[in-house]
> 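Dropping the structure in here first, questions after.
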Amino acid sequence: MTATTRQAATAPGGPETATGRRGERSPRSGFGLLGPRHARHSVTVEQLASLALPIGDDGVVIGVDAENRPAVLGLNRPTPYDVVLIGGLWTAQVLALRAAATGARVAVETGRPQAWVQMVHAMGGGQNGLAVYEVGRVPPQGASAGTPVLVVRDCGMRPPRGRVASGPWQAVLTLLPYLSPVAPRLLRQARLVGVQRISPDEATELGRALTLPAADVTALPTLADGLTLWCADRDRQYVMTQPTDAEIGLLGTPRRMD
């Protein structure tokens, strides 16, 4: 048998396979062995209507709405997201705790670090998702889809312009205890505004800025502790933040004043 004849005899499609044994399949080059075979999963046309996927309800549960359904705030976004909360420290701290629980890193910029130190200790001394910085000292956070970041700015009535701004996968929550002179600028750039109990004069001013209905303007001075009116574009929703036992043990019961 010549070399040409031997090569033809062992080539694919010849009397023998590349392994030299008739009928035996060779491994796929570069892809390894063929895996096990399973029956295909299929449904009938009639069953398709029963399939559903949970889309759009991912984020931080900030409380319940008027119908006692969970209200979810999606903080981790691929686009810049600015939130302004005109309210109390308690609510901002609950949001920070819950954001950290979803896997986000929380950076707190504050002029009153003593108000946050208990949370830092409870979360492992800043090693488990929450760190506190002085005003103007927040370093770049390196946010990404795998490590989203929430920056909480607790800088009083007149917060300076932040060194770390919102960006992809990095949301910024600015806490204002009351409606301050810098509020109009912050409200213009915010995608979401939360309002807790404020004075009648503040409610009137805020109603003009956010184009709130008269009923909401009247209701704002009477809101209970833990109740927040969240406004985004033309959408408005009242949400009651209900703390867990662990949150009560760490932060106490809901309160508007600090």
Side-chain angles (χ1 to χ4, degrees), residues 54-63 70-113 115-156 158-176 182-183 185-194 228 230-233 235 239 241 244 246-247 250-251:
I55 299 175
D57 287 336
D58 58 329
V60 179
V61 178
I62 58 175
V72 180
L73 174 57
L75 291 172
N76 303 333
R77 299 168 180 256
T79 55
Y81 196 67
D82 287 280
V83 182
V84 173
L85 173 62
I86 303 173
L89 176 65
W90 184 89
T91 302
Q93 290 183 326
V94 169
L95 292 179
L97 274 176
R98 296 183 181 183
T102 65
R105 288 189 291 109
V106 179
V108 179
E109 179 183 10
T110 181
R112 46 179 175 177
W116 293 85
V117 66
Q118 186 176 2
M119 281 182 57
V120 175
H121 291 162
M123 297 181 64
Q127 301 301 314
N128 292 317
L130 189 146
V132 175
Y133 304 92
E134 296 179 2
V135 176
R137 298 293 183 87
V138 181
Q141 296 297 303
S144 67
T147 55
V149 173
L150 171 64
V151 178
V152 179
R153 305 200 69 217
D154 173 30
C155 305
R158 296 174 180 265
R161 294 184 182 273
R163 291 179 55 189
V164 178
S166 62
W169 306 110
Q170 179 166 291
V172 174
L173 169 65
T174 301
L175 174 65
L176 296 177
V182 302
R185 171 178 61 84
L186 295 173
L187 294 177
R188 284 193 297 270
Q189 71 184 34
R191 298 278 304 278
L192 180 69
V193 177
T228 307
W230 292 100
C231 308
D233 296 327
D235 296 328
V239 175
T241 301
T244 63
E247 290 168 345
L250 182 62
L251 304 174

> Output the distance between atom CG (Leu251) and atom CD (Gln93), rounded to the nearest 0.5 Å.
5.0 Å
> Taking all heavy atoms of Val132 and all of Pro113, pick out the closest pair and write down the distance.
CG1-CB, 4.1 Å
> When rounded to the nearest 0.5 angstrom, what is the spacing between OG1 in Thr110 and CG in Leu175?
9.0 Å
> Just so I know, are the side chains of Leu75 and Leu173 near enough to count as touching, which here means a heavy-atom distance under 4.5 Å?
no
> Using side-chain contact (heavy atoms from CB on, under 4.5 Å) as the criterion, point out the one residue from Val94, Leu73, Thr91, Val72 that pairs with Ile62.
Leu73
> So with a 6.0 Å cut-off around CZ of Arg185, is the heavy-atom count from everything else above 12?
yes
> Are Val117 and His121 packed together at the side-chain level, in the sense that at least one heavy-atom pair is separated by less than 4.5 angstrom?
yes
> Does some side-chain heavy atom of Val84 sit less than 4.5 Å from a side-chain heavy atom of Gln189?
no
> Within the structure provided, determine whether Arg98 and Thr241 are in side-chain contact (heavy-atom separation under 4.5 Å).
yes
> As an exercise, state the distance from CG of Leu192 to CG of Asp233, rounded to the nearest 0.5 Å.
9.5 Å
> Compile the donor-acceptor pairs under 3.5 Å between side chains in residues 162-172 and protein atoms, sequence neighbours left out, one pair per line.
unit_1, atom_1, unit_2, atom_2, d
Arg163, NH1, Gly136, O, 2.9
Ser166, OG, Asp82, OD2, 2.8
Gln170, NE2, Ala165, O, 2.8

> Once rounded to the nearest 0.5 Å, what's the spacing between atom CZ of Arg77 and atom CZ of Arg191?
6.0 Å
> Please name the pair of heavy atoms, one in Asn76 and one in Ala104, separated by the smallest distance, quoted to 0.1 Å.
OD1-CB, 4.1 Å
> Compile the donor-acceptor pairs under 3.5 Å between side chains in residues 144-153 and protein atoms, sequence neighbours left out, one pair per line.
unit_1, atom_1, unit_2, atom_2, d
Ser144, OG, Gly146, N, 3.4
Ser144, OG, Thr147, N, 3.2
Ser144, OG, Thr147, OG1, 2.9
Arg153, NE, Glu109, OE1, 2.8
Arg153, NH1, Pro160, O, 2.7
Arg153, NH2, Glu109, OE1, 3.4
Arg153, NH2, Glu109, OE2, 3.4
Arg153, NH2, Pro160, O, 2.7

> Can you give me the closest heavy-atom contact between Leu186 and Pro159, atom names plus distance?
CD1-CG, 4.1 Å
> Please report the shortest heavy-atom distance between Val138 and Ala107, naming the atom on each side.
CG1-CB, 4.3 Å
> Atom CG in Asp154, atom CG in Leu176: separation rounded to 0.5 Å?
10.0 Å
> Contact between Leu89 and Arg112 at the side-chain level, heavy atoms closer than 4.5 Å - yes or no?
yes
> How many angstroms lie between atom CE of Met119 and atom CG of Leu250, to the nearest 0.5 angstrom?
6.5 Å
